[in-house]
Amino acid sequence: MTVAAILVGFCAGAMAGMLGIGGGALFVPGLVLFLDLTHVEAEATSLLAIVPVAIVGAWRQHRYGNLRLRDGLLVGGLAIPGSILGVVLVNALPERAVEIGFGLLLLFVASQLVRRAPDPSA
């Protein structure tokens, strides 16, 4: 289990640093598939794991001049009450509904990335 946790953490951190994703899109499936956590356990664990990834990623991006501190603080500050509401909801909803919702969110994000990809023929 420790080796799997190390691999999930390292790979998700590398992908988060490269792609700017919060890590949750990778941590949650990794924790469910490789550490046998339930979806809700994986979400909760992922929330804690995201903190150091986000801090280090933001620090490194700041060195390249890519960090918009004010926007990041605004988005992060407003995410706090949303996070509180989300925790209440995820513990009240059936776990299967949460799993389906997470999958639909990933599919929506993937479809938007494909739709907005530059046209290679242009």
Please round to the nearest 0.5 Å and tell me the distance separating atom [atom1] of [X] and atom [atom2] of [Y].
X	Y	atom1	atom2	answer
Leu69	Leu74	CG	CG	11.0 Å
Arg68	His62	CZ	NE2	14.5 Å
Trp59	Leu67	CH2	CG	13.0 Å
Leu37	Ser46	CG	OG	10.5 Å
Thr38	Glu43	OG1	CD	8.5 Å
Leu104	Ile100	CG	CD1	7.5 Å

Q) Heavy-atom distance under 4.5 Å between the side chains of Pro29 and Phe34, does that happen here? A) no
Q: Please examine the side chains of Phe27 and Leu47, heavy atoms only from C-beta on, and report whether any two atoms are closer than 4.5 Å.
A: no
Check whether any side-chain N or O of [X] sits under 3.5 Å from a backbone N or O of [Y] as a donor-acceptor pair, and report yes or no.
X	Y	answer
Asn91	Val87	yes
Thr45	Glu41	yes
Glu95	His39	yes

Return the minimal non-hydrogen interatomic distance between [X] and [Y], and the atom names on each side.
X	Y	result
Val8	Leu31	CG1-N, 4.4 Å
Ile50	Gly24	CD1-N, 3.6 Å
Val32	Ala42	CG2-CB, 3.6 Å
Gln61	Asn66	OE1-ND2, 2.8 Å

